[in-house]
Amino acid sequence: MGEIAITSPAPSAMETLSKRQNVESGFRLDIQGLRAVAVALVVLYHLWPDHLHGGYVGVDVFFVISGFLITSHLVRQPPVSWRDLGRFWARRIRRLLPAAFLVLLATSIAARLVAPSTQWAQIAKEVIASGLYVQNWLLAGSSVDYLAAENAQTPVQHFWSLSVEEQFYLFWPLLIAAVVWLTRRTRWRQKSALFAALLTTVVASFAYSVAATAAEPGSAYFITPTRIWELGLGGLIALAGNRIYSFHPRLRAGMAWIGIAGIVAAGTAFTSETAFPGYAALLPVVATVLVIGANSTASGSPTTFLRAKPIQWLGGVSYSIYLWHWPLIVLAPFAAGDEIGLAGKLAILALSLLLAAATKTLVEDKARSAGWFRRTASTYRFAVGGMIVLVIIGSLQLVEVGQRSLRADERLAAETNSGSACLGAAALADPDCGSNQEILTDPAVAKEDKPAAYADGCWNHPPFGSRVTCTYGDGDTEIALVGNSHAGHWLPALQEIAKDRDWTITTFLASACNFTDAKVKFDTPAKTAGCTELGDWAQEATSGDKFDLVISSQLSIPLQGGGSASEQKKLAFDGYSSYLKDWADNGTNVLVLRDTPYPKTEIPSIPDCVAENPDRTDVCSGLSDSWLKPDPMAEAADALGDADISVADLTELLCRDGRCYGVNGGLITYFDGSHLTTAYARTLAPFLEQKITSALQG
């Protein structure tokens, strides 16, 4: 491509000097300032998410900067051999891994000391994933898992963005090296071929990002293919920069200011409801491209304030700030034993800056200047050794959690075999049992104590294209279990009954989908349609006399078309009424189990609460009026007044005297904030059996 000649006034002395410095050293004051803006957005968002709703776009600013700088380097010194690639990757290791490994190691130790035991396993898994730079893929998998999505945030979750960058650093030089190799064997111009290859990659990644965000925004946020275009667009600016630099200085200053305004607008206007990345990411990404592409140092440009020493210092330590701030935010409440207020958040901010300054000086700079570390072989030995250490630490933690689980299982089995009359739900059924709040189960074990339906893959997940059922037992009496996860948590009780009664249990279970004639609200239209179709299929598969009894229970989730609580309630009631009437019209014998009380809005995780308060389990209880939520399906069943539709309510086996408990009869009641543990559900079996027997007899 030829250069475009544009007549413009002579640049100022400051611009001329800046350009010469940029060419000679590669250092740009505006980019260093952009780093400061990016890290400030991220940190302030994490500390005050209710005030800076879109601060997460700071990560996108970092992506564009990284893509620009890496591509600039690769274009100046194109890799033409494996040795060149090895040296490039070694430089990235020396720049990034020493500080990252330090933070991961320190966080692992701190988490083991202050975090509740219920979080050790997840933290260990994420430390391993972060050390291997695949954290983004682990989080992408969790984001589409309804139950995993409710897990507490770990102190290393922020390594997802670093994983994306490292994967980019692995892929991008290979792409550029391939293009360089090809142009040296053809008549193609190298710069034109590079631009075409990078542009194609950017367009393909952006198109995929838009499609993936529309289909599954949870996972799209984390995965690398949806983010490559952001880094790649920075790379395109590195190739096209000379053309832009010839623009009039005032035009370039205006471009830079528009870019700054765009970044600020995204940071303040975007929210957690914004479908991201997708189309929305264009605003912060293009805005950053404008600032970098303008490379404006003229008087009145953003560089005028970005060059200020405090901002430049902040940009210089931005990487270490990013590494340290999130572990401090997550672990501080555990160390303090309470929520962190304004003073605590300011202390976290100050400590993040102090740790970042020390890490920059003593780790980042020292590592880059150390003679032994500059040898390529030594660099790779360090990287492999550090990863092995983190994998070992994480694995040992997982082994410890496994051993605790085994001991807890043995203890519970011994208690069950002893024939205790006050175990679990029996403690509430028998007034003579007393409160019996001594904990017999380990909170970490309770957190994983989920029905067999999870391990057996019995769930139909968004966007609900599958039609999965599971069958337990092979008796003559056939029971269908229909609904979402609040139907699924009754499966252990049904299995207990089925063993004694010689029943067959068939599941029709959906993750985060209500079986109703109302339209369930999802983040994509495809999921809404899929949920409706799945509900129709489940009803058709269970209607009439196909089963002796259909048992259904549902956690009601938001519906389309209703804004206020009263509107939602009416929509839900009408939707369930219609759905139940269709069952009844077909002569289906249905037992609706009233939804269990749960503390999710007050206590996100009962096992976490118990782990943090082992001697005060009363903290993990609440008023029945708060835990017992309206159940429109049970209300619709009662109102229908059909002999084939009955309702059972076992609330009294979870609550007593106006209070519901996270620990009943020595057992932790919920494995999260709303779902019954398998151990506790099994103790409900004798009481549930009475309700089912009555329904079967009509």
Side-chain angles (χ1 to χ4, degrees), residues 3-4 6-42 44 52 54-55 57-72 202 229-270 280-316 318:
E3 296 296 330
I4 299 175
I6 298 180
T7 304
S8 61
S12 66
M14 179 172 132
E15 266 201 298
T16 303
L17 176 60
S18 177
K19 281 187 184 179
R20 186 167 66 246
Q21 289 174 337
N22 290 346
V23 172
E24 293 173 356
S25 68
F27 182 81
R28 282 178 49 175
L29 296 173
D30 57 340
I31 290 180
Q32 192 79 318
L34 270 181
R35 284 194 177 110
V37 172
V39 79
L41 283 170
V42 172
L44 294 177
L52 189 63
V57 301
V59 169
D60 304 272
V61 176
F62 275 127
F63 283 162
V64 178
I65 293 172
S66 296
F68 172 80
L69 294 176
I70 291 303
T71 307
S72 297
V202 166
W229 71 274
E230 301 183 30
L231 295 113
L233 207 55
L236 287 176
I237 290 300
L239 286 175
N242 289 337
R243 294 169 178 251
I244 301 173
Y245 299 160
S246 61
F247 289 2
H248 192 288
R250 291 181 181 175
L251 175 59
R252 286 164 48 207
M255 287 171 54
W257 276 116
I258 292 172
I260 293 292
I263 294 171
V264 173
T268 54
F270 286 2
L282 280 170
L283 178 55
V285 169
V286 172
T288 306
V289 164
L290 286 174
V291 178
I292 294 175
N295 190 19
S296 175
T297 54
S299 177
S301 73
T303 307
T304 304
F305 76 89
L306 291 177
R307 68 186 296 124
K309 288 185 178 180
I311 295 177
Q312 290 291 301
W313 178 86
L314 188 63
S318 58

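Scope of the values below: all heavy atoms of this structure, side chains included, with no hydrogens, waters or symmetry mates. Computed from a prediction, not measured in an experiment: that's the story for all the values here. For this chain, numbers begin at 1 and follow the sequence in order.
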Q) Is the backbone of Asn295 close enough, under 3.5 Å, to the side chain of Arg252 for a donor and an acceptor to pair up by distance? A) yes
(Q) Please report the interatomic distance CD1(Ile292) to CG(Leu34), rounded to the nearest 0.5 Å. (A) 6.0 Å
(Q) Any non-hydrogen side-chain atom of Phe68 less than 4.5 Å from a side-chain atom of Ile31? (A) yes
**Q.** Least distance between heavy atoms, Gln312 atom then Arg307 atom
**A.** CG-O, 3.5 Å
**Q.** Pairs flagged by side-chain hydrogen bond (donor to acceptor under 3.5 Å, both in side chains) wherever residues 230-239 is involved - sequence neighbours left out
**A.** Arg227-Glu230
Q: Applying side-chain contact (heavy atoms from CB on, under 4.5 Å), run through Val37 and Val61 and close with a yes or a no.
A: CA-CA 9 Å; Val37 172; Val61 176; 6.0 Å; no
(Q) So, taking the atom named CG in Asp60 and the one named CD1 in Ile65, what distance separates them when rounded to the nearest 0.5 Å? (A) 11.0 Å
Q: Mind checking side chain to side chain contact (heavy atoms under 4.5 Å, CB included) for Ala40 and listing every partner two or more places apart, or none if nothing turns up?
A: none
Q.
Please report the interatomic distance CG(Leu314) to CG(Leu306), rounded to the nearest 0.5 Å.
A. 11.0 Å
Q. Nearest 0.5 Å, what's the CH2-CG distance between Trp229 and Leu236?
A. 11.5 Å
Q.
So, using side chain to side chain contact (heavy atoms under 4.5 Å, CB included) as the criterion, who are the partners of Leu44 when residues are at least two apart?
A. Trp48, Leu52
Q: Write down the atom of Ile311, the atom of Phe305, and the distance for their closest heavy-atom approach.
A: CD1-O, 3.2 Å
Q) Val39 and Phe62: side-chain contact (heavy atoms from CB on, under 4.5 Å), yes or no, with the steps? A) CA-CA 8 Å; Val39 79; Phe62 275 127; 3.8 Å; yes
Q) Do you know which two heavy atoms are closest between Pro284 and Val57, and how far apart they sit? A) CB-CB, 3.9 Å
Q: Please answer whether the main-chain N or O of Ser296 pairs with a side-chain N or O of Thr303 as donor and acceptor at a distance below 3.5 Å.
A: yes
Result block: side-chain N/O donor-acceptor pairs under 3.5 angstrom for residues 253-268, not counting sequence neighbours:
from, atom 1, to, atom 2, distance (Å)
Trp257, NE1, Gly300, O, 2.5
Thr268, OG1, Val264, O, 2.9
Thr268, OG1, Ala265, O, 3.2

Q) What residues form a side-chain hydrogen bond (donor to acceptor under 3.5 Å, both in side chains) with Thr71, not counting sequence neighbours? A) Trp172
Q: Could you check if a side-chain atom of Ser301 sits within less than 4.5 angstrom of a side-chain atom of Thr304, using non-hydrogen atoms only?
A: yes
